[in-house]
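Beneath this line is the structure, given in structure tokens, with notes to follow.
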Amino acid sequence: MIIGIIGGTGFYETRLLDQEHERNISTPYGQVGLKMGSYKGREVAFLARHGAGHTVPPHLVNYRANIWALREIGATKVIATAAVGSLQKDLKPGDVVLVDQFLDFTKSRPQTFFEGNESGVLHVDVTEPYCPSLRREIGQAAARIQVSLHDGGTYVCTEGPRYETPAEIRMFRSLGGDVVGMTSVPEVVLAREAALCYATIALVTNYAAGIATRPLSHQEVLAAMDSAQGMLNQIVLSVLEDVSESRPCGCPRAALELGSLGNAGQKS
Ligand code: HPA
């Protein structure tokens, strides 16, 4: 079994992987560079969502190529990290949230591998967008190293790259949002189409606009990620140590209507 790790803002490498080497994967959507390696015998494929030097903004991330590449090399479970702003006073900067739902406010991103014609049309079920069994494994892994996290939360995904207005944040809160970020959609949706188990470990880097007492900055987000990097790394390594091959969830069957990816990736 190969575990995929998608590192978000401030998470550009996994330390401690043995036999690290680069692999370039060709996909119908372009090339993807992966760092392959292993941790305590577990094979790992690491991918920096924004590129190694944060050169790709959230609305231009090649989400389809990334997910396709992870599936192509045989990953079955994917752990993503994400920096988020908090909409709730009790989700403080430095807190970790294992999100379980999303609200999608993106505007211009391809959200599917299935573009009609030969690839067919898939209306994928997202009742449980983030894999419940992988989330459980992450929760247990964090508990083993005595890191507490918030189990569940609704991720509001905005288009970015700008931050939100306080009015938008008030609206997101009233709709039930807990944290806000710019990348979980369409990543989680594509992972589901690709029948991967996918979960996001969200790190609260700041209070969202209007809740924060000063203007937001990317520097602040990076600084918060930097201080939490060691802890996030520990959680990920703890998951790798104990993650099971079994998949007692619905993820493997999520795209079965169309026989999994089948002809997807063909241009319509
Ligand atoms: N808004 C959107 N994305 C973010 C934020 C935020 O406040 N913090 C980190 N990523």
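Ligands are counted one by one from 1 in listed order, and the atoms in each one are counted from 1 as well.
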Exercise for the section: Could you walk me through whether Arg144 and Glu241 pass the salt bridge (charged side-chain N to carboxylate O under 4.0 Å, His left out) test, one step at a time? Expected result: CA-CA 11 Å; Arg144 272 197 304 278; Glu241 234 172 90; 5.9 Å; no

Practice task
Verify salt bridge (charged side-chain N to carboxylate O under 4.0 Å, His left out) between Arg64 and Glu115, making sure each step is shown before the conclusion.
Solution key: CA-CA 12 Å; Arg64 290 194 292 191; Glu115 306 234 88; 3.4 Å; yes

Exercise for the section: Quick one: do Leu103 and Val185 satisfy side-chain contact (heavy atoms from CB on, under 4.5 Å)? Show the steps, please. Expected result: CA-CA 9 Å; Leu103 287 167; Val185 184; over 6 Å; no

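Legend: ring pair (Phe, Tyr, Trp, His ring centres under 6.0 Å) pairs involving residues 157-180, not counting sequence neighbours, sorted by first then second residue: Phe105-Phe172. Counting only residues at least two apart or on different chains, the side-chain hydrogen bond (donor to acceptor under 3.5 Å, both in side chains) pairs with a member in residues 96-107 are Asp104-Thr106, Asp104-Gln111, Thr106-Gln111. Screening residues 196-206 for salt bridge (Lys or Arg N to Asp or Glu O under 4.0 Å) gives no qualifying pairs among residues at least two apart or on separate chains.
Protein neighbours of ligand 1 below 4.0 Å, counting non-hydrogen atoms: Ala83, Val84, Gly85, Tyr163, Glu164, Val180, Gly181, Met182, Thr205, Asn206, Leu216, Val221.
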